[in-house]
Amino acid sequence: MKQSISLLVTAPKDYAHRFLDAIEECNREGKVAFSPISIPMIETVIQQRVLAWSTFLGEINSYDYVVFTSRKAIDSMSLTLQHERVSLPQQVGYLAIGKDIEWMKNRLQVTPRFIPKEPSPMGIVTELKESNIHSHVRIAVLGPQVEGLKEPETVPAFLRELKAIGCEVAFIPAYLTRSASPQACDQVKDLLRRHAIRGIALTSGAEAEVLRKVIDSLDVSTKPLENMVIASMGPYTARCAQQVGLPITFTSPQFGSFLAYARALQGYFLSLNTIST
């Protein structure tokens with residue numbers, strides 16, 4: 001009989017849908033079954049004003065590369081192109097990460113200039129360094145504008161590393177990232193207070209920051225993290241979580257897809273001597 005683990009999924013709505021599908025697939029395969037509870041700790045919003053990117057689109061040919069740091073950035077660009085009734089020039093090099101590469105190809109009808117070996121922004125930096133053509137290369141990085149939260153280090157660190165190897169970099173805010181609603185935070189508070197979950201699966205640094213605030217709002221006497229597994233999708237999210245003082249129990253070495261993350265989580269829980277819901 002499979003052991004059941006109650007797991008809080010904190011990813012924003014669009015991402016949570018894919019993660020839950022991956023968990024469902026894993027539940028059919030493995031010896032550990034997750035009972036996921038999806039409560040997004042952040043919201044990602046494409047605003048109408050972002051759809052008028054006429055300035056950026058007017059100068060896009062001046063860039064050697066356009067990097068989409070997330071699937072939401074790809075979606076935002078897709079809506080922009082529909083709004084402006086234009087298509088992307090094929091001579092520019094377009095880059096995305098992990099499973100977002102296929103999404104970019106389908107949504108924007110462009111192929112990646114190259115695919116980084118490591119599915120991360122730093123993987124792109126490594127590939128550019130190894131190519132020896134990075135000096136004075138112009139790169140537009142499309143990512144989130146963070147509102148009401150401390151910006152996670154992932155994108156700023158990416159921008160710094162690109163500049164450090166001699167690239168000329170412009171950041172284009174493609175969508176808005178903000179904290180989840182008070183109602184969503186209250187739901188998570190209740191779960192933690194009642195010790196109703198065994199694990200929390202983080203997929204971004206912003207989720208970690210909001211979760212930290214939720215935990216800090218609880219009475220410490222309730223010991224909300226007692227016997228709790230807090231998992232991170234890869235080392236970059238783990239680093240962001242640790243910077244806000246969130247204890248990470250498990251960092252998945254597989255972070256190129258939600259399915260790989262879900263399988264790594266299964267393996268971790270299976271490795272524990274005792275598993276309780």
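Treat the numbers as computed from the prediction; the structure is a model and nothing was measured. Values below: every heavy atom of this structure, side chains too, minus hydrogens, waters and symmetry copies. Numbers here simply count residues along the sequence, with the first being 1.
Looking at heavy atoms from C-beta onward, E24 lies out of side-chain contact with F34 at the 4.5 angstrom threshold. At least one side-chain heavy atom of I200 sits under 4.5 Å from a side-chain heavy atom of M228. The side-chain heavy atoms of L20 and S38, taken from C-beta on, include a pair separated by under 4.5 Å. At a threshold of 4.5 Å between non-hydrogen side-chain atoms, the residues M77 and L57 count as touching. In this structure the side chain of Q254 never reaches within 4.5 angstrom of the side chain of R263, judged on heavy atoms. In this structure, the side chains of E153 and Q243 come closer than 4.5 Å at one or more pairs of heavy atoms. Looking only at side-chain heavy atoms (C-beta outward), I165 and C167 come within less than 4.5 Å of each other. L7 is not listed as a side-chain neighbour of R198, based on a closest heavy-atom distance of 4.5 Å or more.
Grouping the Ile, Leu, Val, Met, Phe, Trp and Tyr side chains by contacts below 4.5 angstrom, directly or via other members, places L259 apart from V32.
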* Take Q91 and N61 through the side chain to side chain contact (heavy atoms under 4.5 Å, CB included) test and state the conclusion after the steps. => CA-CA 8 Å; Q91 63 268 32; N61 280 310; 2.7 Å; yes
* To do: Test side chain to side chain contact (heavy atoms under 4.5 Å, CB included) on V92 and Y65 and set out the steps.
  => CA-CA 6 Å; V92 178; Y65 295 97; 5.7 Å; no
* For M104 and V110, run side chain to side chain contact (heavy atoms under 4.5 Å, CB included): C-alpha distance rounded to whole Å, both residues' side-chain angles, the deciding distance at 0.1 Å, then the answer. => CA-CA 7 Å; M104 179 184 75; V110 295; 3.8 Å; yes
* F114 and L95: side chain to side chain contact (heavy atoms under 4.5 Å, CB included), yes or no, with the steps? -> CA-CA 7 Å; F114 61 80; L95 301 173; 3.6 Å; yes
* To do: Go through the steps for S35 and S4 under the test side-chain hydrogen bond (donor to acceptor under 3.5 Å, both in side chains), then give the verdict.
  => CA-CA 7 Å; S35 298; S4 179; 3.0 Å; yes
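Counting only distance, with no hydrogens or angles, the side chain of D100 and the backbone of A96 share no donor-acceptor pair below 3.5 Å. Looking only at distances, no side-chain donor or acceptor of H195 sits under 3.5 Å from a matching main-chain atom of N227. Looking only at distances, a side-chain donor or acceptor of T126 sits under 3.5 Å from a matching main-chain atom of M122. Between the side chain of S131 and the backbone N or O of L128 there is at least one donor-acceptor pair closer than 3.5 Å. The backbone N or O of D219 lies less than 3.5 Å from a partner atom in the side chain of T222, making a donor-acceptor pair. Proximity of a side-chain donor or acceptor of S76 to a complementary backbone N or O of K72 within less than 3.5 Å is not detected.
Salt-bridge formation is detected for the pair D75/R107: a Lys NZ or Arg NE/NH1/NH2 atom is positioned less than 4.0 Å from an Asp or Glu carboxylate oxygen. Salt-bridge formation is not detected for the pair D64/R138: no Lys NZ or Arg NE/NH1/NH2 atom is positioned less than 4.0 Å from an Asp or Glu carboxylate oxygen. Ionic pairing of R212 and E209 is not present here: no N-O contact between side-chain nitrogen and carboxylate oxygen is shorter than 4.0 angstrom. Here D21 does not pair with R18 in a salt bridge; the nearest charged N to carboxylate O distance is not below 4.0 Å.
Taking OH from Y94 and CD from Q109, the interatomic distance works out to 12.5 Å, rounded to the nearest 0.5 Å. Here M233 contributes atom CE and L202 contributes atom CG; the two are 11.5 Å apart, rounded to the nearest 0.5 Å. To the nearest 0.5 angstrom, D14 atom CG is 15.5 Å from F19 atom CZ. Residue L108 holds its CG atom at 6.0 Å from OG of S78, rounded to the nearest 0.5 Å. Considering OH of Y261 and OG of S252, their distance stands at 7.0 Å, rounded to 0.5 Å. How far CG of L225 is from NZ of K223: 12.0 Å, rounded to the nearest 0.5 Å.
A distance of 6.0 Å or more separates the ring centres of F269 and F250.
Taking both residues in full, the closest heavy atoms of A16 and V9 are given as CB-CG1, 4.4 Å, listed atom of the first, atom of the second, then distance. Minimum interatomic distance between A180 and C185 (heavy atoms only, all atoms of both residues): O-SG, 4.3 Å. When all heavy atoms of V229 and T249 are compared, the closest pair comes out as CA-OG1, 3.6 Å. Nearest heavy atoms, E151 versus P144: OE2-O, 4.3 Å. Of all the heavy atoms in I248 and A241, the pair that sits closest is CD1-CB, 3.6 Å. Considering every non-hydrogen atom in both P40 and A184, the closest pair reads O-CB, 3.9 Å.
A donor-acceptor pair shorter than 3.5 Å can be found between the side chains of T203 and E207. In summary, the side chains of S232 and T251 do not present any donor paired with an acceptor at a separation below 3.5 Å, with no hydrogens or angles considered. Looking at Y15 and S204, their side chains never bring a donor and an acceptor atom within 3.5 Å of each other.
Here the rule is side chain to side chain contact (heavy atoms under 4.5 Å, CB included) with L191, and of R194, K189, Q187, R193 only R194 fits it.
More than 12 non-hydrogen atoms from other residues, nucleotides or ligands lie less than 6.0 angstrom from NZ of K213.
In this structure, the side chain to side chain contact (heavy atoms under 4.5 Å, CB included) partners of A140, at least two apart in sequence or on a different chain, are F56, Y63, V66, L142, I172.
Using a 4.5 Å cut-off between side-chain heavy atoms of Ile, Leu, Val, Met, Phe, Trp and Tyr, I115 falls into a hydrophobic cluster with I101.
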